[in-house]
Amino acid sequence: MCGIVCYVGPRDIKSVLIEGLKQLEYRGYDSAGIAVQNGNRIACYRAVGKIVELEKKIAGIEIIGESGIAHTRWATHGAPTEENAHPHRDGKENVYVIHNGIIENYHSLRRRLQQEGVHFRSETDTEVLAHLIALHYDGSLSEAVRKTMGQVEGTFGIAVIHRNEPGRIVVARRGSPLIIGLSDGSHFAASDVSAMVRYTNQVIHLQDNELAVLTKDDVSISTVQAVSVKRVVETVEWRGEDVELNGFPHFMLKEIYEQPNTIENAMRGRLEPAEGVPKLGGIMPVWDRLKDCRHLVIVACGTSFYAGCVGRYVFEKLTEIDVQVELASEFRYRKLNFPPNTFILALSQSGETADTLAAIKEAKRKGASLLGIVNVVGSSIARETDAGVYNHAGPEIGVASTKIFTSQLTILTLLALLLGRHQNLSLTDGIEAIRALQRIPEQINAIFAQANHIEAIAENYYRCSNWLFLGRKYNYPIAMEGALKLKEISYIHAEGYPAGEMKHGPIALVNPEMPTVAIVPQDDMYEKMISNIQEVKSRRGPVIAVATQGDAKIRELVDEVIEIPPTLSFLNPILTVIPCQLLAYYCAKFLNRDIDQPRNLAKSVTVE
Ligand code: AGP
């Protein structure tokens, strides 16, 4: 899950490529490289590590040209070295290629090419592409790329230039995202719009097994079978400033503080308060079947999976639908049997997560209908599903997902409310739920008012190397999400657990150096949680409680309290997760971690 960006046109190519790479750095930051063509000369620079290392390397070097390609890497094949950095070239250095994805049959291709005398300089799968394209080159780069596409298995988003074809870039995709940006006298292509949104909001989403030839004046798209294709130009709702820090020290903190707005965006134009029912235009194409659906399978990965776990409890509360929640990376290999009229609901921020995409394709093959809740417009999962709802939360750049999680919870609740109101849920319950949802944004601001207090708690405990997060029912998945956030960005080992499971093992871990975060709002699980907290306290474990405002009882029992305003029990998770996000953020800050680009991670996992 690398990031690729390319440009052809009159702009300052060095800054367009470097600024584009910086916007894509959350996709991978093991090494970076650019290749710029000026007539028949191609200047190529690569560096290990973050974009800033490449910037240092080319500082003061005048790099001019009419076209160029650039890449930031998340290493899959070969260590993060300069030799393994992209762009990769053929032996004569005529072909330069950058790649996002995995060439699954690269071993056999490499062996065959070596038998034909080709010398390889890197350990990567990508280098086979450079040699194959050179081998097929007969005066047309696009034809050489087309032939090469026919030989490779796996996923790719690639961009290629050839010494003999200045001012021309050939891009192609299968499985990995590739978006073309259009503006007067200039054309861009990149893994996602954030790399070009400051220059244009007019884009084309290249489809699987398509390639495009970009010049400054034209874009021509065709299939791998050389059939010419006309694609719709879409307008992106994101703006240049959406991908800027706007004064925040990190994108993660910016995105945490965006949540009151992103939750409002998730509800905007989607509520009929007087009728106590939401309206979701995006699912109307399948409504006639969906309203009678009695079996829903939520499929996702990581944080999106935990949102699905909360969603199951909310659906069970508000509807008569039987809900399963499945980890996509397991689900795709299961023997699947679905009752008639089963709907699969994919949750994904990026809309490009390979496991989730493959899982829903598998379910479709087995006859299920597909729904999606996705943030990135036009992404692969959005296009694969029969209908769905966009988050409209803007770009999420911090690798650790925050605002999308609460947006997913909000939209899952709207969907459950809509279906419930078409089953047994009363008008009164519907109205009460919508009113409570509308109060959530301002209630989150009340939690932000405790930010200094949460920071002080983090300062007290960030040196502890093991943490436990406990919750029950709606807040059990929040315990898991809280633990994931802490692990992802602070590298502290943390476990999220259903509190009722403590006595069956994990209580053995409890000791005075292990803080426990107990998610304990005043809901129908409150008394059970109190007993679990007493079990931890009786083994002298420090407890940080996320509790309902004004809860005097909890204050006597635990070491620290972070208060959340009162709301309906099934809406508590949208509030209880906020203190967990901030605790993780501040612990990572005290540990001087790279909060927006934690080690070994990438924002969009486009490979299995
Ligand atoms: C969450 O903080 C992580 N970035 C990761 O677990 C993420 O949620 C997972 O990869 C799923 O991504 P998606 O929502 O884009 O499909």
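Whatever order the structure lists ligands and atoms in, that order sets their numbers, starting from 1.
Residues satisfying the ring-ring contact (aromatic ring centres under 6.0 Å, His included) criterion with His86, sequence neighbours excluded, are His71, His88.
A salt bridge links Glu210 and Arg231; the closest N-O separation between the charged side-chain nitrogens and carboxylate oxygens is under 4.0 Å.
Rounding to the nearest 0.5 Å places CG of Leu296 at 6.0 Å from CD1 of Ile321.
The 4.0 Å heavy-atom shell around ligand 1 contains residues Cys301, Gly302, Thr303, Ser304, Ser348, Gln349, Ser350, Thr353, Val399, Ala400, Ser401, Lys485, Glu488, Val605, ordered by chain and number.
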- request: List the steps and the verdict of side chain to side chain contact (heavy atoms under 4.5 Å, CB included) for His493 and Ser465.
  value: CA-CA 6 Å; His493 173 245; Ser465 50; over 6 Å; no

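Residues Leu345 and Val297 form no side-chain contact, since every pair of their non-hydrogen atoms from C-beta on lies 4.5 Å or further apart.
Taking the six-membered ring where tryptophan is involved, the planes of Phe590 and Tyr462 are essentially parallel, since the angle between them stays under 30° and well short of 60°.
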